[in-house]
K.L.:
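Here it is, the structure, as structure tokens.
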Amino acid sequence: RQRCRADGRALRKLPVHVGLVVTEEEPSYADMASLVVWCMAVGISYVSVYDHNGIFKRNNSRLMDEILKQQQELIGLDYSKYTVEFANQDKTGQVLNCQSTLKVLSPEDGKADIVKAARNFCQLVAQQQRTHTDLDVNVLDNLLSSTNGFPDPDLVLKFGPVDSTLGFLPWHIRLTEIISLPSHLNISYEEFFSALHHYAACEQRWGK
């Protein structure tokens, strides 16, 4: 625990929001829980978990149980200070009420959410509550429900051999640093922290 805190403070920059994207066919609840707890322990405020089959989202209670178990083992007596909860789209105020907040996403939260946002905007135009010239980046961000209350990811850790994020938040990762790792299975803390160190050393040019 103390090592994680020290490691987080030692980095030149720490991502606010990390996306954990699994492209492998057999996701591991225990290994994903380890990654989430490590993110919390180093001081990352927002974590998104994604797999292209939606397995984690359909079984989020199983993932949560594993996270809570590992959280208590790593953080121990300080457990209450590191509350993690699944952000609920209907109760987005929860996002700001704890140190680390977790969102579990599936493909329906990607392109389908953009289509839904576009449809809602068209309805507003048809009802003369908006004009077509009102559409900009901020308006679209506000219409998207899958990440309501979350900042865009600073960093995506992609696990597996597939050279794609497979539909993970296609709108939100236009400026995101993406680091590929061979697998999330049996991943070590050293591998995780090495990826954070790589991110901290990157110079982001924001498209320039």
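Nothing here was measured: the structure is a model prediction, and the numbers come from that model. Along the sequence shown, the residues carry numbers beginning at 1.
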K.L.:
Is a side-chain donor or acceptor of Lys158 paired with a backbone partner of Gly160 at a separation under 3.5 angstrom?
P.N.:
yes
K.L.:
Answer yes or no: is there a donor N or O on one side and an acceptor on the other, between the side chain of Tyr50 and the main chain of Thr165, under 3.5 Å?
P.N.:
no
K.L.:
Rounded at 0.5 Å granularity, tell me how far CD in Glu26 sits from OG in Ser183.
P.N.:
11.5 Å
K.L.:
Are Phe193 and Val47 connected in the hydrophobic side-chain network, where two residues link if heavy atoms are under 4.5 Å apart?
P.N.:
yes
K.L.:
Once you round to the nearest 0.5 Å, how far does CG of Leu196 lie from CG of Leu11?
P.N.:
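Between Leu196 CG and Leu11 CG, I get 6.0 Å after rounding to 0.5 Å.
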K.L.:
Could you tell me whether a side-chain N or O of Gln70 sits under 3.5 Å from a main-chain N or O of Val37, the two making a donor and an acceptor?
P.N.:
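The answer is no, because no donor-acceptor pair under 3.5 Å joins these two groups.
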K.L.:
Does Ser28 form a side-chain hydrogen bond (donor to acceptor under 3.5 Å, both in side chains) with His184? I'd like the steps, not just the answer.
P.N.:
CA-CA 8 Å; Ser28 164; His184 74 302; 4.9 Å; no
K.L.:
With heavy-atom distances below 4.5 Å as the criterion, would you say the side chains of Lys69 and Asp65 are in contact?
P.N.:
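Answer no - side chains too far apart.
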K.L.:
Pairing donors with acceptors under 3.5 angstrom, does anything connect the side chains of Glu191 and Ser188?
P.N.:
yes
K.L.:
Using the rule given for side chain to side chain contact (heavy atoms under 4.5 Å, CB included), can you reason through Asp51 versus Phe168, listing the C-alpha separation, both sets of side-chain angles and the distance that settles it, and then say yes or no?
P.N.:
CA-CA 8 Å; Asp51 71 278; Phe168 172 75; over 6 Å; no
K.L.:
More than 12 non-hydrogen atoms from neighbouring residues, nucleotides or ligands closer than 6.0 Å to CD on Gln128, yes or no?
P.N.:
no
K.L.:
What is the minimum heavy-atom distance between Thr176 and Pro153, and which atoms define it?
P.N.:
OG1-O, 2.7 Å
K.L.:
For Arg3, is there an ion pair with Glu190 - N to carboxylate O distance below 4.0 angstrom?
P.N.:
yes
K.L.:
Keeping the roles fixed (side chain from Asp31, backbone from Asn186), state whether a donor-acceptor pair exists under 3.5 Å.
P.N.:
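Yes: the side chain of Asp31 pairs with the backbone of Asn186.
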K.L.:
Work out which heavy atom in Leu63 is nearest to a heavy atom in Ala33; give both atom names and the distance.
P.N.:
CD1-N, 4.2 Å
K.L.:
Taking Asp154's backbone N and O only, do any of them form a donor-acceptor pair with His17's side chain (distance below 3.5 Å, no angle check)?
P.N.:
no
K.L.:
For the CZ atom of Arg62 and the CD1 atom of Ile67, what is their distance to the nearest 0.5 Å?
P.N.:
12.5 Å
K.L.:
After noting the C-alpha distance and the side-chain angles of Ile179 and Leu155, does the key distance pass the side chain to side chain contact (heavy atoms under 4.5 Å, CB included) rule?
P.N.:
CA-CA 8 Å; Ile179 295 176; Leu155 171 65; 3.7 Å; yes
K.L.:
Before we go on, tell me: are the rings of Phe56 and Tyr29 under 6.0 Å apart, centre to centre?
P.N.:
yes
K.L.:
Looking at Tyr199, I'd like to know if the NZ or CZ of Lys13 sits under 6.0 Å from its six-membered ring centre while staying within 45 degrees of the ring's axis.
P.N.:
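Geometry flag: set, cation within 6.0 Å and 45°.
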K.L.:
Does any N or O in the side chain of Arg58 come within less than 3.5 Å of the main-chain N or O of Asn53, such that one atom is a donor and the other an acceptor?
P.N.:
yes
K.L.:
Return yes if a side-chain donor-acceptor contact under 3.5 Å exists between His52 and Thr23, otherwise no.
P.N.:
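No, no side-chain donor-acceptor pair sits under 3.5 Å.
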K.L.:
Quick one: pull up CG in Leu35 and CG in Leu181 and give me the separation to the nearest 0.5 Å.
P.N.:
8.5 Å
K.L.:
For a quick test of reading the model, state the closest non-hydrogen atom pair linking Pro15 to Ile44 and the distance between them.
P.N.:
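Between these two residues, the closest heavy atoms are O-CG1, 3.6 Å.
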K.L.:
Under a 4.5 Å cut-off applied to non-hydrogen side-chain atoms, are Val21 and Phe159 in contact?
P.N.:
no
K.L.:
Would you name the heavy atoms of Gly54 and Pro107 that are closest together and state the gap between them?
P.N.:
N-CD, 4.3 Å
K.L.:
Relative to each other, are the rings of Tyr189 and Trp38 parallel, tilted or perpendicular (30° and 60° limits)?
P.N.:
perpendicular
K.L.:
Do Val162 and Val49 share a hydrophobic cluster, counting only Ile, Leu, Val, Met, Phe, Trp and Tyr and linking them when any side-chain heavy atoms are less than 4.5 Å apart?
P.N.:
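No; tracing contacts between hydrophobic side chains, which count when under 4.5 Å, never links both residues.
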